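Okay, structure first, notes after.
Starting from 1, each residue takes its place in the sequence as its number. Predicted model only: the values in this text are computed from it and were never measured.
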Amino acid sequence: MLGPRTAYADHEARARLEPKPARLADAARVRYQEFANLGSALPVRGTGRGLELPDDAAATGWVDGLIAEGAEVLASYEHPHHGRWPAVVTAKHGAGRITTVGTVPGPAFARALLSWLVPLDDDWRRIAVQPVTVLSATTRQGRRVRFVHNWSWEPTSVPAPSAVTDAVSGVALIAGDAVALGAWDVKVLVEND
């Protein structure tokens with residue numbers, strides 16, 4: 001995913017001369033040269049091409065004037081001027097895709113966008129209910145690592161969706177065991193093979 005102002009400046013913070021996102025425009029099949037600050041939030045609507053947005057989806061703070069050059073438009077602004085540019089586009093590239101977001105999404109827009117980018121078919125994402133979040137990574141050896149955070153003053157626990165070993169304590173848990181989290185705690189869990 002590319003966000004607003006991606007590849008706008010060079011290593012000395014000077015505006016690049018080539019179309020932005022510089023060096024990525026051809027792969028992302030989108031470009032921009034114009035941008036604007038937003039004084040208030042703009043409503044954003046899906047185009048019916050897979051990205052479902054709630055009624056309160058909004059762009060905040062910034063708009064890149066994206067011009068799709070073969071990328072599929074997923075969302076647009078409801079505005080007489082900014083509406084001529086898409087808010088989100090996506091394009092196939094290699095074995096994956098590049099999705100470009102031309103604004104700072106408000107909370108509802110961000111939730112919908114991230115759910116589209118990373119579908120909920122991962123059981124670890126299903127246990128992530130506020131104040132608990134789960135981030136994932138893959139080791140060089142191909143093992144999944146789960147970072148389970150408690151962003152609260154209150155201790156809590158969540159059920160482990162699969163067998164894991166705590167990377168710090170070495171304690172092994174089976175699916176269904178409680179992952180106990182203290183206040184403002186994090187557990188680093190490695191999935192067992």
Expected output: side-chain [X] to main-chain [Y] donor-acceptor under 3.5 Å:
{"X": "His149", "Y": "Trp151", "answer": "no"}
{"X": "Thr139", "Y": "Arg143", "answer": "yes"}
{"X": "Asp185", "Y": "Asn150", "answer": "no"}
{"X": "Thr6", "Y": "Leu2", "answer": "no"}
{"X": "Thr103", "Y": "Pro105", "answer": "no"}
{"X": "Asp166", "Y": "Val168", "answer": "yes"}

Taking the side chain as C-beta and beyond, is there a heavy-atom pair between [X] and [Y] under 4.5 Å?
{"X": "Val132", "Y": "Val148", "value": "yes"}
{"X": "Val190", "Y": "Val164", "value": "no"}
{"X": "Leu113", "Y": "Met1", "value": "yes"}
{"X": "Val63", "Y": "Tyr77", "value": "yes"}
{"X": "Val171", "Y": "Leu173", "value": "yes"}
{"X": "Pro19", "Y": "Gln33", "value": "yes"}

Search all heavy atoms of [X] against all heavy atoms of [Y] and return the closest pair with its distance.
{"X": "Ala112", "Y": "Leu51", "value": "O-CD1, 3.8 Å"}
{"X": "Ala41", "Y": "Thr60", "value": "CB-CG2, 4.3 Å"}
{"X": "Asp64", "Y": "Gly3", "value": "OD2-O, 4.4 Å"}
{"X": "Ala180", "Y": "Ser157", "value": "CA-CB, 4.0 Å"}
{"X": "Gly70", "Y": "Arg29", "value": "O-NH2, 2.8 Å"}
{"X": "His81", "Y": "His79", "value": "N-ND1, 3.0 Å"}

Measuring from Arg140:CZ to Thr138:OG1, what's the distance to the nearest 0.5 Å?
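Between Arg140 CZ and Thr138 OG1, I get 13.0 Å after rounding to 0.5 Å.
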Atom pair CD/OG of Gln130 and Ser152 - distance to nearest 0.5 Å:
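It comes to 10.0 Å.
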Do [X] and [Y] share a hydrophobic cluster, counting only Ile, Leu, Val, Met, Phe, Trp and Tyr and linking them when any side-chain heavy atoms are less than 4.5 Å apart?
{"X": "Trp85", "Y": "Ile98", "result": "no"}
{"X": "Leu66", "Y": "Phe109", "result": "no"}
{"X": "Leu74", "Y": "Val30", "result": "no"}
{"X": "Val101", "Y": "Leu114", "result": "yes"}
{"X": "Val145", "Y": "Trp124", "result": "no"}

Give a yes or no on whether [X] atom [atom1] has more than 12 heavy-atom contacts from other residues, nucleotides or ligands under 6.0 Å away.
{"X": "Trp184", "atom1": "CH2", "result": "yes"}
{"X": "His93", "atom1": "NE2", "result": "no"}
{"X": "Asp26", "atom1": "CG", "result": "no"}
{"X": "Arg16", "atom1": "CZ", "result": "yes"}

Quick one: do Leu38 and His82 satisfy side chain to side chain contact (heavy atoms under 4.5 Å, CB included)? Show the steps, please.
CA-CA 10 Å; Leu38 294 176; His82 299 300; 3.9 Å; yes
Between Asn192 and Thr165, do the side chains contain a donor N or O and an acceptor N or O under 3.5 Å apart?
yes
Between Arg45 and Glu78, does at least one N-O distance fall below 4.0 Å, as a salt bridge requires?
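So Arg45 pairs with Glu78 through a salt bridge.
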Between Arg31 and Glu69, is there a salt bridge with N-O shorter than 4.0 Å?
yes
Before you tell me yes or no, could you show the steps for Arg23 and Glu18 under side chain to side chain contact (heavy atoms under 4.5 Å, CB included), namely the whole-Å CA-CA distance, both residues' side-chain angles and the distance that decides it to 0.1 Å?
CA-CA 8 Å; Arg23 302 179 183 163; Glu18 64 262 45; 4.1 Å; yes
Using the side-chain contact (heavy atoms from CB on, under 4.5 Å) rule, pick out the option among Leu53, Val73, Val44, Thr99 that qualifies with Val88.
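Per the side-chain contact (heavy atoms from CB on, under 4.5 Å) rule, the option paired with Val88 is Thr99, out of Leu53, Val73, Val44, Thr99.
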Walk me through it: do Trp62 and Phe35 pass the test ring-ring contact (aromatic ring centres under 6.0 Å, His included)?
CA-CA 7 Å; Trp62 188 265; Phe35 49 84; 5.0 Å; yes
Run the side chain to side chain contact (heavy atoms under 4.5 Å, CB included) check on Lys187 and Phe147 step by step: do they pass?
CA-CA 6 Å; Lys187 297 287 185 191; Phe147 303 88; over 6 Å; no
